[in-house]
Amino acid sequence: MPTLTVDGIEVTVEPGSTVLQACEEAGKDIPRFCYHERLSIAGNCRMCLVEMERSPKPIASCAMPAGDNMVIHTNTPLVKKAREGVMEFLLINHPLDCPICDQGGECDLQDQAMAFGVGSSRYEENKRAVTEKNMGPLIKTIMTRCIHCTRCIRFAEEVAGVDAIGAVNRGEHMEITTLEQAVNSELSGNVIDLCPVGALTSKPYAFTARSWELTKTESVDAMDAVGSNVRVDARGPEVMRILPRLHEDVNEEWISDKTRFAYDGLRRQRLDTPYLRRDGKLQPATWQEAFAAIAEKVKASDPQRIAALAGDMACAESMLALKDLFGRIGSPHMDCRQDGAALDPSCRASYLFNTTIAGIEDADALLLIGANPRWEAAIINARIRKRWLAGGIDIGLIGPQVDLTYRYEHLGAGPQTLSEIASGSHPFTAKLRAAERPMLILGMGALARPDGAAVLGAARSVAEATGMVGDGWNGFNVLHTAAARVAGMDLGFLPGEGGRDIAGIIGGASSGDIDMVYLLGVDEIDMDLLGDAFVVYQGSHGDAAAHRADVVLPGAAYTEKNATWVNTEGRVQLGRRSIFPPGDAREDWTIIRALSDVLDCTLPYDSLGALRKHMLEVAPHFARIDEPAAVEWGQFGGAGVMDQVPFNYLIEDFYLTNPIARASQVMAECSALFVGSGAEATGTHG
């Protein structure tokens, strides 16, 4: 490993490291604009110049490989003069926009101009002006501010995998452009964070707040099952923006556009008071009136004719409280699998992403079964692309062809191909067996079918037959689409002895065998199938279920409560409240606790701490915060015959997958532009 001296400090770095990384190992702050740890090296801003002994001129530390016996100086008069000169050049054409720039207060150019620049400029020529570019409804452009660092180009090409952003012309005539087309990527908003100046900023956030006005809360995203770490910035009662938070093992420093921009849906179509259906119409009511109506129905019904369902964004605390309540009522009918996926609760490894998200980078063969990770988990798809770019991985897909941003081999459309791979007759089986660390990703499109249990069993057979499960490696992965699903499975929000699953509950409500259905944030089922059943809806938004309900209980959105979430890999994470729920809305577990009093089934906890203590008794691994617990392999899945109907992906519109996103005007614009117009790409990425 190379050892070099930086300002008199001897440091040893990994082979392949750059001088800039060696300087940072020595604790030296090197300014940079174009360099980014997760992007390829461009070496075009020259802000990172340092002095190297025996070199005739300063070197770009970001592009110079660290070598043995190098002697580097980072703070000599030559380095200081070079940095001042570079900054002077960068500011020749940069407009004096700081007072009205959304990047103000968190701008790399501002910070480095103060730290490494001079207080005046020798240039008096007119500044050039650059026309604005159309990058779609999410990214606002003021390209006169652009310093040509090319971070956005490299991100789009390398991480997002779309050829959407590029450069035209040369020299001072160079411009970053999309050729007047919107950036069609589920990760496009990350270029806002990457831009070191105010050239690319958030269009929905434009001119709404300053960074120093905002209260910043570290939390977890609930838009999908990835569990991206985020920072929620709020002012008063309103969420103003959502930004990514660094977590190497989950989302690195990226988040999807839905995570970043759907926050305006948090303040639209909100339920802020209880409602009760009177004379066929929902009318505002008090909490006491709403609870009394529920209690009257519960006490007049047989517990065997009452059921509960949990939706995709329900937190662990609310599901456990509702499970406990229905246990005391005596009803075994409950289910958290809103999409009807044939998940097997008997073995935890059967419904987890066992490889872990970071473990994707160690795989050398991948089989996708009924999964479209680009729409179902954009961050995981970016991780797969990262592994694909590194080379040495075979990727196969069973399901409809889609553009996943990386090359793959389309193996077939449905269960027939899966059977061939399981039996060993398909050519791709040999690639899986030859790999040292093969893995498969089983999507909800393959499990949410009548033959889902048989598909699950066939996928287990593939994993066992191709050596995916062994010492230190488990390549069997289930890709969930709902933030609530793993926690619901872990806590046992599932049919009890003699209980009905979601299909049985909906069928019973339709036929009249189920008198009452309690919907905890359930909005993705066909409400017409609930027949004449008495429906209680507890949730945050006036979506499909609220229109159907007989009683509406206003709950809190994921940014409005302290809650526990478990992502698709089984990682327990804590979401923290950034704002309070609007009006009379309350945190979900407190609503269920208050209702239990009225039903004479008082739950034995009065605080969040007491509820979480009870949660640890039900599922002890919830004590391992941010640390996926090791799980044992076992038998799971069915052995039935699989239907030959091809797999379909459950998500038909990436931007409108939950009530918050459907209430978002920004997501509606994206849906109309990228999905409604048929602009989504098909085929494989070249």
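Please read these numbers as outputs of a predicted model, since none were measured by experiment.
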Might you work through the salt bridge (Lys or Arg N to Asp or Glu O under 4.0 Å) test for Glu560 and Arg270, ending with a clear yes or no? CA-CA 12 Å; Glu560 299 162 1; Arg270 286 305 302 268; 2.7 Å; yes
Candidates Glu253, Arg154, Arg151 - the one meeting side-chain hydrogen bond (donor to acceptor under 3.5 Å, both in side chains) with His36: Glu253
Are the charged groups of Arg231 and Glu218 less than 4.0 angstrom apart, N to O? no
Would you please classify the geometry between the Tyr558 ring and the Trp565 ring as parallel, tilted or perpendicular, with 30° and 60° separating the classes? perpendicular
Got a donor-acceptor contact below 3.5 angstrom from the Glu569 side chain to the Ile357 backbone? yes
Is Glu106 paired with Lys216 through a side-chain N to carboxylate O contact shorter than 4.0 Å? no
More than 12 foreign heavy atoms under 6.0 Å from NZ of Lys80: is that the case here? no
Quick one: pull up CG in Leu243 and OG1 in Thr259 and give me the separation to the nearest 0.5 Å. 12.0 Å
Under 4.5 Å between any side-chain heavy atoms of Ile176 and Met143, yes or no? yes
Thinking salt bridges, do Glu186 and Arg374 make one under a 4.0 Å N-O criterion? yes
Would Arg241 pass as a cation-pi partner of Tyr205, given that its NZ or CZ must be under 6.0 Å from the six-membered ring centre and within 45 degrees of the axis? yes
In a check of side-chain hydrogen bond (donor to acceptor under 3.5 Å, both in side chains) between Asp7 and each of Thr74, Thr76, Asn75, which one passes? Thr74
Is Glu213 salt-bridged to Arg235, cutoff N-O under 4.0 Å? yes
Cation-aromatic face contact Lys258/Tyr655, 6.0 Å, 45 degrees: no
Between Lys133 and Glu180, does any side-chain N to carboxylate O distance fall below 4.0 Å? no
Quick one, Ile147 and His94 - any side-chain contact, counting heavy atoms below 4.5 Å? yes
Using the side chain to side chain donor-acceptor pair (under 3.5 Å) rule, take Asp394 and Tyr408 through it: C-alpha gap first, then chi angles, then the decisive distance, then the call. CA-CA 7 Å; Asp394 293 309; Tyr408 60 82; over 6 Å; no
Just verifying a value: how many Å separate Gln112 CD and Arg32 CZ, rounded to the nearest 0.5 Å? 8.0 Å
Which heavy atom of Ile139 sits nearest a heavy atom of Lys203, and at what distance? O-CE, 3.5 Å
Mark yes or no for whether Asn169, through its side chain, and Glu175, through its backbone, hold a donor-acceptor pair below 3.5 Å. no
Run the numbers on Lys386 and Glu252 for salt bridge (Lys or Arg N to Asp or Glu O under 4.0 Å), then give the verdict. CA-CA 12 Å; Lys386 180 180 180 181; Glu252 298 182 296; 2.6 Å; yes
What's the shortest heavy-atom distance between Ile579 and Glu238, and which atoms? CG2-N, 4.1 Å
So, Phe155 versus Trp254, ring centres under 6.0 angstrom or not? yes
Can you tell me if CD on Glu248 sees more than 12 non-hydrogen neighbours from other groups inside 6.0 Å? yes
Just so I know, are the side chains of Asn190 and Arg260 near enough to count as touching, which here means a heavy-atom distance under 4.5 Å? yes
